[in-house]
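Taking it in order: structure first as structure tokens, then the write-up.
When reading the values below, keep in mind they use all heavy atoms of this one structure, side chains included, and skip hydrogens, waters and symmetry mates. Not measured: the values here are computed from a predicted model.
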Amino acid sequence: MVFACRANGGRSVASRLLTEHYARGRVIALSAGTEPGEHIHPEVARVLESLGLDTSAEQPTLLTAEMISASDLAITQGCGENCPYVPGARYRDWPLDDPRGQDDATVRRVIAEIDARVRELLSELVPDLALPPSVLERDRGH
């Protein structure tokens, strides 16, 4: 599956990292953006790192029609009409606030929403997958 947003620096990166964490090799997730920035948003990286998710290898990538056509599912997150349309591809839109430039509490709220959506999606796509506890469980002290 591919997660797509505008800059590929926040929502789509969090979605990909959470999917890969929970799926433990059962699902391959990509992330890309219609206008990728130079790096992931530092406030998003800080919160993801505090949840135990390594962001060091993340590099914004341009979303292409080929990426969408090679995926079982494309999840759009704020790229709207700028996302390439591929006939026959399955799309879902997750309307999420953009965490870029927000305070840690707002970024955590957006990531918590992504976490819930990712866990629900994985339960649907891989029903026999035993999901580990949410990464947010260890973050309750913040």
Between OH on residue Y22 and CG on residue L129, distance to nearest 0.5 Å
11.5 Å
Nearest atoms (heavy-atom pairs only) where T19 meets V27
CG2-CG1, 4.0 Å
Looking only at heavy atoms, what is the nearest atom pair of D103 and T106, with distance?
OD1-N, 2.8 Å
In this structure, CD1 of I40 is separated from OG of S31 (nearest 0.5 Å) by 9.0 Å
Would you call the rings of Y91 and Y85 parallel, tilted or perpendicular, taking 30° and 60° as the class edges?
parallel
Measure the CG-CZ distance between L136 and R108 for me, rounded to the nearest 0.5 Å.
9.0 Å
Sub-3.5 Å donor-acceptor pair from the side chain of T55 to the main-chain atoms of E58, do we have one?
no
May I ask you to test the T61-P36 pair for a side-chain heavy-atom distance under 4.5 Å?
no
Using the side-chain contact (heavy atoms from CB on, under 4.5 Å) rule, take D97 and R109 through it: C-alpha gap first, then chi angles, then the decisive distance, then the call.
CA-CA 9 Å; D97 292 336; R109 179 186 53 76; 2.9 Å; yes
CD (Q59) and CD (E38) are apart, to the nearest 0.5 Å, by 9.0 Å
Verify same cluster id: V118, V44 (apolar side-chain graph, 4.5 Å)
yes
Tell me the closest heavy-atom pair linking R11 and P99, and the distance in Å.
CG-CD, 3.6 Å
Residue D72 excluded, over 12 heavy atoms near CG under 6.0 Å
no
Check E66 against S69 and note the closest heavy-atom contact, atom names and distance.
O-OG, 3.2 Å
Walk me through it: do L125 and M1 pass the test side-chain contact (heavy atoms from CB on, under 4.5 Å)?
CA-CA 11 Å; L125 297 177; M1 88 182 55; 3.4 Å; yes
Pairwise side-chain contact, L48 with L17, heavy-atom cut-off 4.5 Å (strictly under):
yes
With rounding to the nearest 0.5 Å, note down the distance linking CG in L63 to CG in N8.
8.5 Å
Does atom CD of E120 have more than 12 heavy-atom neighbours, drawn from other residues, nucleotides or ligands, at distances under 6.0 Å?
no
Closest contact, heavy atoms only, W94 versus R117
CD1-NH1, 3.3 Å
Note, V110 side chain near Q102 side chain (heavy atom, < 4.5 Å)
no
Applying the 4.5 Å side-chain criterion to the ILVMFWY set and letting contacts propagate, would I28 and M67 be lumped into a single cluster?
no
To the closest 0.5 Å, what do you measure between CD (E43) and CZ (R100)?
8.0 Å
Please examine the side chains of L121 and I75, heavy atoms only from C-beta on, and report whether any two atoms are closer than 4.5 Å.
yes
Is there a chain of hydrophobic side chains (I, L, V, M, F, W, Y, each step under 4.5 Å between heavy atoms) that links L96 to L51?
yes
Under 4.0 Å between a side-chain nitrogen and a carboxylate oxygen: does that hold for R6 and D98?
no
Do V126 and F3 land in one hydrophobic cluster if side-chain heavy atoms of ILVMFWY residues count as linked below 4.5 Å?
yes
L62, CG atom: more than 12 neighbouring heavy atoms under 6.0 Å
yes
Please report the shortest heavy-atom distance between C5 and Q77, naming the atom on each side.
CB-O, 3.3 Å
Path from I68 to V13 over hydrophobic side-chain contacts below 4.5 Å
no
